[in-house]
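For reference, the structure is listed below as structure tokens.
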Number of protein chains: 2
Amino acid sequence: MSDVPTITTIAQRAGVSIASVSRVLNGLPTRAETESRVMSAARELGYVPNSAARSLKSRRSNQVGFAIADIGNPVYLAMIREIQPLLKAAGYRLVLHSTNVDAADEIDVLRGLGERYVDGLIMIPLRVTGEHLKMFAAARAPIVIIGSVPEGTPVDNVRTDSRKGVRLAVEHLHQLGRRRIGFVNGPLDTVPGAARSAAYAEALAGLGLPYDPDLVEVGDFYRPEGARAAARLIGRVPDLDALLCANDLIALGALDVLRRERRRVPEEVAVASMDDTDLATVAWPPLTSVSLGSAERGRAAAELLLDRLAHGDRAPRVVTVEPRLVIRASTVGEEGP
Amino acid sequence: MSDVPTITTIAQRAGVSIASVSRVLNGLPTRAETESRVMSAARELGYVPNSAARSLKSRRSNQVGFAIADIGNPVYLAMIREIQPLLKAAGYRLVLHSTNVDAADEIDVLRGLGERYVDGLIMIPLRVTGEHLKMFAAARAPIVIIGSVPEGTPVDNVRTDSRKGVRLAVEHLHQLGRRRIGFVNGPLDTVPGAARSAAYAEALAGLGLPYDPDLVEVGDFYRPEGARAAARLIGRVPDLDALLCANDLIALGALDVLRRERRRVPEEVAVASMDDTDLATVAWPPLTSVSLGSAERGRAAAELLLDRLAHGDRAPRVVTVEPRLVIRASTVGEEGP
DNA sequence: TTGTATGCGTTATCAT
DNA sequence: ATGATAACGCATACAA
């Protein structure tokens, strides 16, 4: 196999200067004769421009980063499905970062921005530390954060009203006559964990229901630990009649436990969760879940970033996606497991 | 915000030449005094090396591409989860390509290899056309294909014995006493579709069962069409007692239909599928599914690519992952929907 | 040990 | 319209 062709190779073959080659390749005005010679030489050699050289010269990488804690979570999946085509259509490649639920990893990604291998970054931080804020401010490329950031942070921001989301679910359960509504949450030192914790208490208060610490259990955001946490809660509260889970994966774990314990869902225990991923429609019974608009958030993030990449500086923007309760059989079904 | 620092900036600040800066930054022997001056200058300026310049010089991008038809399919997910950490540990970033179930898109990705924005590529082609083979041969970067390719194709290759996988499932259903085993497949002009089609016929023959075209229905690899195809099949074959689905998503659609039609699973119709994704354990009843070792295939692909990137040329290698039947309640459970 | 100078492949400026 | 040349940021061969 011959050497990789460059514009120099083409120039020799076509008997013109590299400047002419570059011009032809970039569609700048050129004499027809020159153009055809260059084009055919390029075709014959199978020329493809070198992206590193291009990036060095143009100071643009045509790449966008997407940093998430864990690709296993279907919420992120829904986002990627929206983001990828938008980026591709705009001529950007997608560099995927999985940060292993590790704040230090997130910082590394932010620091990496300095290498300029991406023109912008979409990130979903699990926690927003002071270190994060410092990096946001110093970042040399536009950043879009999905999730809440403090007022005034110099990044575009896509958020959802998870407080309202939790309230929708709790009110729904309350309307169904449930009064002992348990809550299985993820870690309290994460952005979603903290928000949902506060929102749960708030929602109860709004309905005049007492806050009972026994009704709350904290684990992580995954199915196995969700099952364990749900088991602890169920074991502790005999008269539990509803369970709100902080995401669908936790809810799957809870359903596992309820099935094992032969508690009928929803007759004895109604189960609601959050995120409304595909899993909600696969589970049995199908899960009532609060959609936090994952797809919309992904799309909005991509659009914000592309807009900024195309039009340069402007004031940071905040897009808020409304939560929406999707009612399924795990709260109102006539069929149980 | 000040300008982005380069080694030139550092050199000025430290009062040394750019060569010394480069040497220090790359850990080459330097006088302690020089080293400390360069290091502190770099730290103060917040220097981060420019990846484009590095790539141009080193002819390496430190990126690896992963091209799949559709990120929505959980099979690919399982692979990414293995691939990403391995690449990261080896110092490579992951560039994700979603090809929209479009062969032309796949060719585009292969052509893009010439831009040298990745050092290697892992691809799961849905179809392998002559155009694909031509690009494989001409590729200027190492390629690992997950899925079968013709003998002698100059790429590393990770495959699974889907013939055997189908046979495992069919034999399992046969052992359970099922004799009217339907098959819902994806498109026949895709690699997996074609292989599974042939394997189904073969497996029946091996068991002495007749091949009945009425028992076969073709759709795509997704849940909605899987449901429609299953509905056609069920409507056409009254004495159907088992259903093999070409993947888990199709099986979910089939379960939807069977539930709607009030056919008990597995008592009346046993359901088995392929891929053994997470969905198999979420579905109700949990799906008996043939694991094609998605995680192992992803890992093997990453290892093959990293090995080649590290050690250069060697003969193409083929890794085969054994299929494994995972039996769950959709074929042997006592409980149905 | 350190500095000078060159090249990686491209785009863009400036003459011609 | 075209060619010579500089510059992007870095690594390195060579000279000092």
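Keep in mind the model is a prediction, meaning the values are calculated, not measured. Proteins come first, then strands; the chains are lettered A, B, ... in the order of their sequence lines, and each starts at number 1.
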Seminar exercise, completed: Tested for salt bridge (Lys or Arg N to Asp or Glu O under 4.0 Å) against B:E82, the lone hit among B:K88, B:R299, B:R297 is B:R299

Exercise. For residues B:D70 and B:Y222, is any side-chain donor paired with an opposing acceptor at under 3.5 Å?
Worked result: yes

Problem set entry | Minimum-distance nucleotide to B:N26 side chain [options: C:dT2, D:dA4, D:dA11] | D:dA11

For this session: Starting from the 5' end of DNA chain C, give me the residue, A:I18 or B:T34, whose nearest nucleotide shows up first.
Result: B:T34

Exercise. When you measure from every atom of DNA chain D, which of residues 39-58 of chain B have a heavy atom less than 4.0 Å away?
Worked result: B:Y47, B:P49, B:N50, B:A53, B:R54, B:K57

Exercise. Is the shortest side-chain N/O distance from A:R23 to OP1 or OP2 of D:dG3 below 4.0 Å?
Worked result: no

For this session: Would you mind reading off the distance between B:I7 atom CD1 and C:dG7 atom C1', rounded to a whole angstrom?
Result: 13 Å

For this session: Under the side-chain contact (heavy atoms from CB on, under 4.5 Å) rule, collect the residues that match up with A:R13, sequence neighbours excluded.
Result: A:A41, A:E44, A:L45

Problem set entry | Pairwise distance CD1(A:I71) to CG(B:L94) - rounded to 0.5 angstrom | 7.5 Å

Exercise. CZ of A:R60 versus P of C:dT10: gap in Å, rounded?
Worked result: 17 Å

Problem set entry | Within residues 111-121 of chain A: residues closer than 4.0 Å to DNA chain D (heavy atoms) | none

Exercise. Within a strict 4.5 Å, meaning less than it, do heavy atoms of the B:V128 and B:V191 side chains meet?
Worked result: yes

Exercise. Rounded to the nearest Å, what distance is computed from the CZ atom of residue B:R37 to the C1' atom of nucleotide C:dT1?
Worked result: 14 Å

Exercise. Short question: side chain of A:N157, backbone of A:G147 - any donor-acceptor pair under 3.5 Å?
Worked result: yes

For this session: Given side chain to side chain contact (heavy atoms under 4.5 Å, CB included), test B:D156 with B:L305 step by step and report yes or no.
Result: CA-CA 8 Å; B:D156 286 327; B:L305 188 55; over 6 Å; no

Exercise. Taking only side-chain nitrogens and oxygens of A:S17, does any of them come within less than 4.0 Å of OP1 or OP2 of D:dG3?
Worked result: yes

Exercise. What nucleic acid atoms does B:V21 come within less than 4.0 Å of, heavy atoms only: base, sugar-phosphate, or nothing?
Worked result: nothing

For this session: Please report, rounded to the nearest Å, how far the P atom of C:dG7 is from the CZ atom of B:R59.
Result: 13 Å

Problem set entry | side-chain N/O A:S22 vs C:dT11 OP1/OP2, d < 4.0 Å | yes

Seminar exercise, completed: Closest heavy-atom pair, A:R54 versus A:P49, reported as atoms and distance to 0.1 Å, is NH1-CG, 3.7 Å

For this session: Could you go through the side chain to side chain contact (heavy atoms under 4.5 Å, CB included) check for B:M123 and B:L110 one step at a time?
Result: CA-CA 9 Å; B:M123 173 177 267; B:L110 289 169; 4.0 Å; yes

